[in-house]
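The sequence lines fix the lettering, A, B, ..., with proteins before strands; numbering per chain opens at 1.
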Amino acid sequence: MSLIVLDALQAKHGQALDRVESIHGDEIAWVKRDALVAVATWLRDDPTMLFDSPVFVTCIDRIDWHPVGAPPSTWWTEDKPRFEVCYQLRSSTYRYRIRLKVAVPEADPRCPSLATLWPAFNWQERETFDMYGIKFDGHPDLRRIYLYEEFVGYPLRKDYPKEKRQPLVRRDDLPINPIKARQTTSGEER
Amino acid sequence: MAAPTRDVTSLKQLVLGRKDVQDLADTEQELPPDLMTVNMGPSHPAMHGTVRIVLTVDGERIVASDVQPGYLHRCFEKESEHATYTQVFPYTDRLNYVSPMINNCGWAMAVEKLMGLTASIPKRAEYIRVIVSEMSRITDHLTCIGASAMELGAFTAFLYFLKAREWFYELLEKVSGARLTHSYVRVGGVGKDLPDGFHDELTRTLDQTVKVMEEVENMLNNNKIFRDRMAGIGAMTKAEALATGCVGPIARACGVDYDVRKDYPYSIYPEVEFDVPVGTTGDCYDRYLVRIEEMKQSIRILRQCLAQIPDGPVVVDDPRVALPPKRDTYNTIESMIRHFKHIVDGIRVPAGEAYTFVEGGNGELGFYIVSDGTGRPYKAYCRAPSFVHLSTAGQLIHDHFIADVVPIFGMINMIGGECDK
């Protein structure tokens, strides 16, 4: 498996990467949080890359990470970042695929938004925010998408119990109107 | 079809169903020229499944909209994290419930990729997977086109297509035992072999379906009402389709030549011959034409598969994933233990992560699994094409009439189960 994209990325943005790996043929680049937008913009616009098609955004919560058979040094500990935000991209011209990963600590769950580069990430980042509580800086419309605004907590985090139930307490102050709703953002602390 | 545009920024906005309603003028007076915000859905005959669209309209013209999915959210990912890899199959059935076999295959392939089993799946199992996948693709497109035609008033086309869909469902029921939620595919192969007489029945069904499609095409293709409602409505350019992540028939209608079966070939698709239809205008009518042509190509694939399918086992002979034969389970203690461990602990998947994608009814359907070496996925993410396509709906219906929401929405083919996960 040739690693064309990873090699090019390392040559061009080596200082912006924490490390690169290739698992089962999937190319993965760990990008520093501050450099994500620059790396992503380069991947989109460079004529040898042309990652014009976004695939998905998701997040991994590593708080329970104790893989079987792996040395304890790879287990999650308090000093390691808890979340990994994953961006999967595709180049329709060259058929490349790459996954960008950004480590996000629990104390500061923020990640730069790529929704302005690829509009598809608008909803997918909203989904990640809804499920994991990652706040995407620069997102044009960061609201919950699957759940209702009154929901407390982030259900796909590992510390949210599967069986947990919570009552729906209606709030009447939420905007229903889309034009108004777009001007207020619920990405603030709740 | 373009409505006269006027400056809407200065107009007052009325919201129905909220406190602002008292601001509405008395019904006996003249209707106010203000913008009005109305709800379409979540429970609306034209909203397949349940989705809510908050529309701000200037008369009949949409000036702003907010599409809100989530009314069918069943926590696919959270439930999957607590289920063994085999127990996830029934959950995947309920993602895109019009083409469950493709979801089954996608999940199985993702687990096999993590286990390094991709190359060792028996040929016959691969052929059976492609056969049931293509049958599912046909049922998916039949439903999409039939339902959309019905919403535009063509009830006959709907009944004809649902009749054809029922033939496929009956056949899939014979294969898997369930009409809708098949759970037929397994990690390492498929659950059981095809039933006796399957070849003849499928051949007969395909012949009948071709006739039904001819009838419906004669009814719809040049039907004035159908074309007026579809052509030029909800058009998208190629660049927009790529940037918004559209895949499948919607992207192909815009001229994006991308089909996972051709671009990243998997299973036995390289061994069969088929074409990928591509549209030019990217409007609803092109999406319809692309889907019709895809069904014809699926029929072509099915006929080749029936001619080429080899004999042999339908599940890989690997004790890590395959259940021992029933005969041994009941008669030897070793097989009994293996069976028990397999069911209770689940298939042990080595730690790692993998993203696998297949061409679903709506496009690239992907599963991203992170495994920590136990029998249950640490994380299971589903890349649902419907969700991505629905995110473009707000942009597609902008500046159209309320009546145009119906064909645009029908051709996006949002499947509630897949979109809301």
Side-chain angles (χ1 to χ4, degrees), chain A residues 23-26 28 44 52-62 64-70 74-75 84 86 88 90 92 95 97 99 117-124 126-127 130-131 141 143-148 155-158 160-163 172 175-182, chain B residues 13 15 17-19 35 37 39 54-56 63-66 68-70 73 75 77-79 81-82 113-114 116 239-240 242-247 256-258 263-264 348 350-355 357 364 366 368 370-374 378-379 381 383 387-388 390-392 394-395 420-421:
Chain A
I23 306 177
H24 300 295
D26 294 0
I28 303 168
R44 184 187 69 164
D52 50 3
S53 192
V55 182
F56 70 78
V57 183
T58 189
C59 175
I60 305 170
D61 181 359
R62 291 280 181 191
D64 277 346
W65 184 247
H66 310 296
V68 174
T74 62
W75 293 6
E84 285 170 32
C86 311
Q88 178 89 9
R90 174 172 71 87
S92 65
R95 297 185 190 175
R97 283 183 177 256
R99 193 174 309 139
L117 295 178
W118 293 281
F121 286 159
N122 187 322
W123 272 33
Q124 305 205 338
R126 277 176 68 187
E127 182 197 352
D130 192 0
M131 293 295 161
D141 181 24
R143 286 179 290 147
R144 283 194 183 271
I145 189 158
Y146 282 140
L147 301 169
Y148 41 91
L156 271 181
R157 287 189 176 186
K158 288 279 178 188
Y160 191 97
K162 191 183 77 154
E163 305 297 337
D172 266 350
I176 186 177
N177 190 308
I179 294 177
K180 279 186 209 153
R182 212 149 285 159
Chain B
Q13 287 179 39
V15 181
R18 275 286 172 109
K19 286 176 222 158
L35 297 180
T37 298
N39 275 313
V54 183
L55 297 171
T56 298
V63 295
S65 61
D66 186 26
Q68 299 177 354
H73 184 59
C75 325
E77 292 168 26
K78 191 82 177 172
E79 293 286 349
E81 287 173 13
H82 291 81
K113 185 172 172 182
L114 270 171
E240 281 171 349
L242 280 171
T244 51
C246 285
V247 283
V256 179
D257 181 14
Y258 173 59
D263 287 57
Y264 303 89
R348 293 300 179 99
E353 61 176 72
Y355 175 63
F357 43 100
E364 179 181 325
Y368 175 50
V370 180
S371 166
D372 58 355
T374 60
Y378 185 78
K379 178 187 170 58
Y381 173 80
R383 194 268 185 201
F387 180 69
V388 181
L390 191 68
S391 70
T392 65
Q395 169 203 340
D420 292 352
K421 296 190 245 196

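Contacts between B:Tyr355 and chain A at a heavy-atom distance below 4.5 Å involve backbone atoms as well as side-chain atoms. Residue B:Glu364 touches chain A through its side chain alone, counting heavy-atom pairs closer than 4.5 Å. Using a 4.5 Å cut-off between heavy atoms, B:Tyr381 contacts chain A through its side chain alone, with no backbone atom that close. Interface remark: B:Glu81 contributes side-chain atoms only to the contact with chain A (heavy atom separation under 4.5 Å). Neither the backbone nor the side chain of A:Phe121 comes within contact range of chain B, judged by heavy atoms closer than 4.5 Å. Only the backbone of B:Ser371 comes within contact range of chain A, with heavy atoms under 4.5 Å apart. Only the side chain of A:Gln88 comes within less than 4.5 Å of a heavy atom in chain B; its backbone stays farther off.
Cation-pi geometry between A:Arg90 and B:Tyr264 is not satisfied (NZ or CZ under 6.0 Å from the ring centre, within 45° of the ring normal).
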### Derivation and outcome, side chain to side chain contact (heavy atoms under 4.5 Å, CB included), residues B:Glu77 and A:Met131
CA-CA 10 Å; B:Glu77 292 168 26; A:Met131 293 295 161; 5.7 Å; no
### Task
Determine, step by step, whether A:Trp65 and B:Asp372 satisfy the side chain to side chain contact (heavy atoms under 4.5 Å, CB included) criterion, reporting the C-alpha distance in whole Å, the side-chain angles of both residues, the deciding distance to 0.1 Å, and the verdict.
CA-CA 7 Å; A:Trp65 184 247; B:Asp372 58 355; 3.5 Å; yes
### Message
Using the rule given for side chain to side chain contact (heavy atoms under 4.5 Å, CB included), can you reason through B:Tyr368 versus A:Cys86, listing the C-alpha separation, both sets of side-chain angles and the distance that settles it, and then say yes or no?
### Response
CA-CA 10 Å; B:Tyr368 175 50; A:Cys86 311; 3.8 Å; yes
### Task
Kindly determine whether B:Val370 and A:Arg62 satisfy side chain to side chain contact (heavy atoms under 4.5 Å, CB included), including the steps that lead there.
CA-CA 10 Å; B:Val370 180; A:Arg62 291 280 181 191; 4.0 Å; yes
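A donor-acceptor contact shorter than 3.5 Å is absent between the side chain of B:Lys78 and the backbone of A:Pro161.
Taking A:Arg44, A:Gln124, A:Lys162, A:Arg126 one by one and counting their heavy-atom pairs under 4.5 Å with chain B, the maximum is reached by A:Lys162. Of all the listed residues (A:Arg97, A:Glu127, A:Lys158, A:Arg99), the one sharing the greatest number of non-hydrogen pairs under 4.5 Å with chain B is A:Arg97. The greatest number of non-hydrogen atom pairs below 4.5 Å with chain A, out of B:Val256, B:Leu390, B:Val388, is found for B:Leu390. Interface check for chain A: of the options B:His82, B:Glu353, B:His73, B:Glu240, the most heavy-atom pairs under 4.5 Å are formed by B:Glu353. Note: A:Asp64 leads A:Asn122, A:Ile28, A:Asp64, A:Leu147 in heavy-atom pairs under 4.5 Å with chain B. Interface remark: of the candidates B:Ala243, B:Ala351, B:Pro350, B:Gly245, B:Ala243 forms the most heavy-atom pairs closer than 4.5 Å to chain A. Put simply, of A:Leu156, A:Ile23, A:Asp61, A:Leu117, the one with the most heavy-atom pairs under 4.5 Å next to chain B is A:Leu156. The candidate from B:Asp263, B:Asp257, B:Val247 with the greatest count of non-hydrogen atom pairs under 4.5 Å with chain A is B:Asp263. In terms of heavy-atom pairs under 4.5 Å with chain A, the best-connected choice from B:Gly70, B:Ala354, B:Pro69 is B:Pro69.
A:Val55 is listed as a side-chain neighbour of B:Arg383, based on a closest heavy-atom distance under 4.5 Å.
For the atom pair OH (B:Tyr378) and NE2 (A:His66), the distance works out to 7.5 Å, reported to the nearest 0.5 Å.
In terms of heavy-atom proximity, A:Pro119 sits nearest to B:Thr244 at CB-CG2, 4.1 Å. Contact detail for A:Tyr146 and B:Asp420: the closest heavy-atom pair is CE2-CA, 3.6 Å. Nearest approach of A:His24 to B:Leu114, heavy atoms of both residues: CE1-O, 3.4 Å.
You'll find the ring centres of B:Phe387 and A:Phe56 outside the 6.0 Å limit.
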